[in-house]
Amino acid sequence: MRRTVAALTAMLTLTVTALTIGLATGVQAAALSSAPHASPSASTTDFGCFHPSKAGQARCFGVMKAHRTASGRMSPFTTGSPTTRGFVPSDLRSAYNLGGTSGSGQTVAIVDAMDDPNAESDLAAYRSAYGLPSCTTANGCFHKVNQHGQASPMPSGDYGWAEEISLDLDMVSATCPSCHILLVEANSANVPDLMTAEDTAATTSGVVSVSNSWGGSEDNTITSVDSHFNHPGVAITASSGDSGYGVFWPASSPYVTAVGGTSLSKASNSRGWTETAWSGAGSGCSAYEAKPSWQHDSGCAKRTVADVAAVADPHTGVAVYDTYNSCGGAMLCDTELQLGLAQGADGWVEVGGTSVSSPIIASVYALAGNASSVANGSYPYSHTSALHDVTSGGNGFCGGSYLCTGGPGYDGPTGLGTPNGTGAF
């Protein structure tokens, strides 16, 4: 039935009223939408998968850009355009000197929890928007499997984890457009399910790197499951976290490359970009994991996080496309998302978090084509000349030491630095 002018006017009035005076009940929106937004001060809010209720559960490390309305409610920054909000593939490949690299024939695996039913169609929209080659099940580029490596049954859908999945797939696409992508979805965010998915990803033929954009607090059980990340010849990356100074696992596992985060900005210098340590990136000294032989920093007797880094600050975030939501994408869907009455996302969003940096680094490993030489997170430590050293910024209070403060050489928030080509990977 054709909508009347009066009905459309009423809907527009509802949207404008909701965005300007905050008719919502104060519920924080769980996702971003594509409705127009005002121009208030920027803040952030976590994805909806940030709710582990007990030990042994993981949260994802995606953060969305948002703003606080006059009523005090957090409302997401959104856009209907793929080009006006957040860094795009050409930006990332420029910032990290990846021009001329291909990755053709390499497969990057993504491990996440729960199902994103729109994963393939959203991936297609993202790649089409930026002129990237098609990556579908039909052409053999994209595969989605459950934690046992099977096409069905898939886990239950989850709006927050779907945002994480879209982010991960888009960052692999942006960094390594010719790479194949394997998405392995664990049945839940419980560690045993994630470990099953991890083994499936790392042992699938053709996989050269695995990204994990999730984690949990360290406890005395983590060393007993570290073996699931021990897959020689496969580079495994893990996000360092989004809560500032402090250590998360599996980033602290000695078998992974722990990936910290930066704030990335365009600049007039010879590189064309500048980076500082992002205040939200995780870092520090593990309480349980032994120090790997390839780490030599003096201020931590055990494993230090991170090893390397890439962009993660949501205020210098990346563009992502995600449409899995509880309101069906109808005309009022965006308003419902803004009011916190629906969950999910409805198009283009700007996001950050070390959930961005982990798949970027996993993809740089694939571009390097050097997986057979990779031993845990050690390779960058002997190839530091191929990294951009991040020398400023910080992520918390640690007595001013390198564990939370960016500086020349190794530091906790950004590790050895960010990619300058593929030579360190």
- Query: Does the side chain to side chain contact (heavy atoms under 4.5 Å, CB included) test come out yes or no for Thr262 and Val311, once each step is laid out?
  - Reply: CA-CA 5 Å; Thr262 69; Val311 61; 4.2 Å; yes
- side chain to side chain contact (heavy atoms under 4.5 Å, CB included) between Val351 and Val318, worked out: CA-CA 6 Å; Val351 300; Val318 297; 4.0 Å; yes
- Item | Chi angles and distances behind the side chain to side chain contact (heavy atoms under 4.5 Å, CB included) call for Ser252, Ile222 | CA-CA 9 Å; Ser252 62; Ile222 58 177; 4.2 Å; yes
- Item | Evaluation steps, side chain to side chain donor-acceptor pair (under 3.5 Å), between Thr274 and Ser265 | CA-CA 5 Å; Thr274 185; Ser265 301; over 6 Å; no
- Determine, stepwise, if the pair Thr316 / Ser263 fulfils side chain to side chain donor-acceptor pair (under 3.5 Å). CA-CA 6 Å; Thr316 65; Ser263 301; 4.8 Å; no
- Task: Output, in order, the C-alpha distance, side-chain angles, deciding distance and verdict of side chain to side chain contact (heavy atoms under 4.5 Å, CB included) for Leu403 and Thr304.
- Result: CA-CA 8 Å; Leu403 292 174; Thr304 314; 3.6 Å; yes
- Check the pair Asp242, Thr354 against side chain to side chain donor-acceptor pair (under 3.5 Å), reporting the backbone distance first and the verdict last. CA-CA 6 Å; Asp242 294 340; Thr354 53; 3.2 Å; yes
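Between the side chain of Ser355 and the backbone N or O of Phe61, at least one donor-acceptor pair lies under 3.5 Å. The closest donor-acceptor contact from the side chain of Asp91 to the backbone of Val88 lies under 3.5 Å. At least one donor-acceptor pair closer than 3.5 Å links the side chain of Glu218 to the backbone N or O of Ala287. Between the Asn190 side chain and the Pro192 main chain, no donor and acceptor come within less than 3.5 Å of each other. A donor-acceptor pair under 3.5 Å is formed between the side chain of Asp411 and the backbone N or O of Thr414. Judged purely by atom type and a 3.5 angstrom limit, Thr203 uses its side chain to pair as donor or acceptor with the backbone of Asp199. Not a single donor-acceptor pair under 3.5 Å links the side chain of Glu289 to the backbone N or O of Pro254. Between the side chain of Asn395 and the backbone N or O of Ala281, at least one donor-acceptor pair lies under 3.5 Å. Between the Ser357 side chain and the Ala309 main chain, no donor and acceptor come within less than 3.5 Å of each other. A donor-acceptor pair is defined here as one N or O able to donate and one able to accept, closer than 3.5 Å; no such pair exists between the side chain of Asn146 and the backbone of Met154.
To the nearest 0.5 Å, atoms CG (Leu123) and CD1 (Ile181) are separated by 5.0 Å. Atoms CE and CZ, on Met195 and Phe229 in that order, are 3.5 Å from each other to the nearest 0.5 Å. To the nearest 0.5 Å, atom CZ of residue Phe425 and atom NE2 of residue His383 are 11.0 Å apart. Once rounded to the nearest 0.5 Å, the distance linking OH of Tyr379 with CG of Leu416 reads 13.5 Å. Summarising the geometry, atom CG belonging to Asp122 is positioned 8.0 Å from atom CG belonging to Asp170; distances are rounded to the nearest 0.5 Å. Atom CH2 in Trp161 sits 9.0 Å away from atom CG in Asp168 (nearest 0.5 Å).
Asn370 and Ser373 share a donor-acceptor pair across their side chains, judged by distance under 3.5 Å alone. Ser392 and Thr276 are not linked by any side-chain donor-acceptor pair at a separation below 3.5 angstrom, with hydrogens and angles left out of the test.
Asn230 approaches Tyr255 most closely through the heavy-atom pair CG-CE2, 3.6 Å. Asn187 and Met114 get closest at one heavy-atom pair: O-SD, 3.3 Å. Here the shortest heavy-atom pairing between Tyr245 and Gly284 reads CE1-CA, 3.7 Å. Across Gly282 and Val305, no two heavy atoms sit closer than the pair O-CG1, 4.2 Å. The two residues Ser213 and Ser239 make their nearest non-hydrogen contact at CA-OG, 3.2 Å. When all heavy atoms of Val259 and Ala310 are compared, the closest pair comes out as CG1-N, 4.4 Å.
Checking Thr223, Asp226, Thr221 one by one against Trp249, the side-chain hydrogen bond (donor to acceptor under 3.5 Å, both in side chains) holds for a single residue, Asp226. Each of Asp389, Thr384, Asn97 was evaluated against Asn420; a single residue qualifies, Asn97, per the side-chain hydrogen bond (donor to acceptor under 3.5 Å, both in side chains) test.
Contact annotation: the side chain of Leu183 never approaches that of Glu120 to less than 4.5 Å [non-hydrogen atoms, C-beta and beyond]. The closest side-chain heavy-atom distance from Val207 to His231 is not below 4.5 Å. For the pair Arg303 and Pro292, the minimum side-chain heavy-atom distance is below 4.5 Å. Taking the side chain as every heavy atom from C-beta outward, Pro419 and Ile361 approach each other to under 4.5 Å. At a threshold of 4.5 Å between non-hydrogen side-chain atoms, the residues Glu198 and Asn212 count as touching. Inter-residue side-chain proximity for Tyr288 and Lys302 is flagged as unmet; no heavy-atom pair is nearer than 4.5 Å. Under the 4.5 Å side-chain criterion, counting only non-hydrogen atoms from C-beta, Val208 is not in contact with Tyr365. You'll find the side chain of Ser243 reaches within 4.5 Å of the side chain of Arg59, heavy atoms only.
Ring orientation note: the planes of Phe87 and Trp273 are nearly perpendicular, at an angle over 60° on the 30°/60° scale.
Ion pairing of Asp116 with Lys144 is absent here, as no side-chain N (NZ or NE/NH1/NH2) approaches a carboxylate O to less than 4.0 Å.
Applying the side chain to side chain donor-acceptor pair (under 3.5 Å) test to pairs two or more places apart or on separate chains, those with a residue in residues 396-408 are Asp297-Tyr402.
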Sequence neighbours left out, cut at 3.5 Å: what donor-acceptor pairs do the side chains of residues 171-179 make with other protein atoms?
{"from": "Ser173", "atom 1": "OG", "to": "Arg127", "atom 2": "NH1", "distance (Å)": "2.8"}
{"from": "Ser173", "atom 1": "OG", "to": "Leu169", "atom 2": "O", "distance (Å)": "2.9"}
{"from": "Thr175", "atom 1": "OG1", "to": "Met171", "atom 2": "O", "distance (Å)": "2.8"}

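Between Trp294 and Tyr410, the gap from one ring centroid to the other reaches at least 6.0 Å.
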